[in-house]
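A quick note: this is a predicted structure, and the numbers were derived from the prediction, not measured.
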Amino acid sequence: KLQVSANDTLSTVYTRLLELWGLQGLPIRLQLLSDGAMLDDCQAVQSFPSTELQIIKIKLTEVTMLSPALNGICKCVAPGVADSNGKVFFAPDGTGQVISVDLETKAVKLLGTRIE
């Protein structure tokens with residue numbers, strides 16, 4: 001059970017919840033709602049509209065832009081297929097060629113003959 005005081009801020013509550021659940025240090029963000037409204041991180045517990053809280057757990061993901069940029073709106077038509085060498089291949093759509101992504105080097109290449 002989580003113990004908080006009326007003057008604790010939402011940031012303090014988040015920290016205690018992550019510790020309580022053993023999730024500290026993981027790429028996770030919590031968002032609390034009180035009476036259906038999102039709470040501000042600086043908001044004190046005493047100012048919550050209700051003591052009935054909902055918790056949203058958000059898993060954070062690293063997004064990296066890979067080069068080179070590819071022309072076209074739709075680049076591929078299906079999820080990628082991974083091989084045993086750490087590469088992922090995507091069926092072409094707007095690019096006209098197979099897209100290869102090397103997960104280790106983060107290199108993007110167009111493979112094969114261009115299809116119109």
Side-chain angles (χ1 to χ4, degrees):
K1 187 173 179 180
L2 181 67
Q3 297 291 322
V4 296
S5 71
N7 292 325
D8 283 339
T9 63
L10 191 56
S11 292
T12 303
V13 173
Y14 288 146
T15 300
R16 290 186 185 155
L17 281 171
L18 290 171
E19 289 170 357
L20 180 70
W21 295 332
L23 299 174
Q24 66 275 23
L26 295 177
I28 292 173
R29 183 181 190 300
L30 299 177
Q31 181 66 56
L32 280 175
L33 290 89
S34 175
D35 227 15
M38 285 195 173
L39 299 172
D40 184 274
D41 286 355
C42 298
Q43 198 168 347
V45 170
Q46 64 191 5
S47 68
F48 291 1
S50 168
T51 56
E52 296 293 318
L53 301 177
Q54 294 174 305
I55 299 173
I56 300 172
K57 182 175 86 170
I58 303 166
K59 182 179 177 186
L60 304 176
T61 304
E62 179 182 327
V63 176
T64 305
M65 293 298 288
L66 302 177
S67 294
L70 303 174
N71 293 327
I73 295 171
C74 297
K75 313 289 191 285
C76 54
V77 293
V81 176
D83 73 1
S84 60
N85 297 322
K87 293 187 177 135
V88 181
F89 301 93
F90 297 90
D93 188 11
T95 62
Q97 290 174 274
V98 171
I99 301 168
S100 168
V101 178
D102 186 316
L103 299 177
E104 186 175 322
T105 65
K106 297 184 175 38
V108 178
K109 294 180 184 176
L110 296 175
L111 305 176
T113 306
R114 182 167 178 75
I115 302 168
E116 296 300 326

Of all heavy-atom pairs between [X] and [Y], which one has the smallest distance, and what is that distance?
{"X": "Arg29", "Y": "Asp41", "value": "NH2-OD2, 3.6 Å"}
{"X": "Leu33", "Y": "Ile56", "value": "CD1-CD1, 3.2 Å"}
{"X": "Ser100", "Y": "Leu111", "value": "CB-CD1, 3.5 Å"}
{"X": "Tyr14", "Y": "Leu32", "value": "OH-N, 3.0 Å"}
{"X": "Gln24", "Y": "Leu18", "value": "OE1-O, 3.1 Å"}

* Asked: Considering only heavy atoms from C-beta outward, does the side chain of Leu110 approach that of Val98 to under 4.5 Å?
  ->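 The answer is no, as the side chains (C-beta and beyond) never meet within the 4.5 Å cut-off.
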
* Is the shortest heavy-atom distance from the side chain of Trp21 to the side chain of Leu30 under 4.5 Å? ->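 Heavy-atom side-chain distance check passes, below 4.5 Å.
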
Test item: [X] side-chain N/O and [Y] main-chain N/O as donor-acceptor pair under 3.5 Å:
{"X": "Ser34", "Y": "Ser50", "answer": "yes"}
{"X": "Gln43", "Y": "Leu10", "answer": "no"}
{"X": "Asp40", "Y": "Cys42", "answer": "yes"}
{"X": "Gln54", "Y": "Asp35", "answer": "no"}

* Kindly determine whether Ile99 and Val108 satisfy side chain to side chain contact (heavy atoms under 4.5 Å, CB included), including the steps that lead there. => CA-CA 7 Å; Ile99 301 168; Val108 178; 4.0 Å; yes

* To do: Using side chain to side chain donor-acceptor pair (under 3.5 Å) as the criterion, point out the one residue from Gln3, Gln46, Arg16 that pairs with Asp8.
  =>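 In the set Gln3, Gln46, Arg16, the residue that makes a side chain to side chain donor-acceptor pair (under 3.5 Å) with Asp8 is Arg16.
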
* Has Glu52 got more than 12 heavy atoms of other residues, nucleotides or ligands less than 6.0 Å from its CD? ->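 Check fails, neighbour count at 12 or below.
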
* **Stepwise side chain to side chain contact (heavy atoms under 4.5 Å, CB included) check, Leu53 with Leu39** => CA-CA 10 Å; Leu53 301 177; Leu39 299 172; 4.3 Å; yes

* Stepwise side chain to side chain contact (heavy atoms under 4.5 Å, CB included) check, Leu103 with Val101 -> CA-CA 6 Å; Leu103 299 177; Val101 178; 4.2 Å; yes

* Are Thr9 and Thr12 close enough that a side-chain donor and a side-chain acceptor fall under 3.5 Å? ->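 There is such a pair (donor and acceptor under 3.5 Å, judged by atom type) between the side chains of Thr9 and Thr12.
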
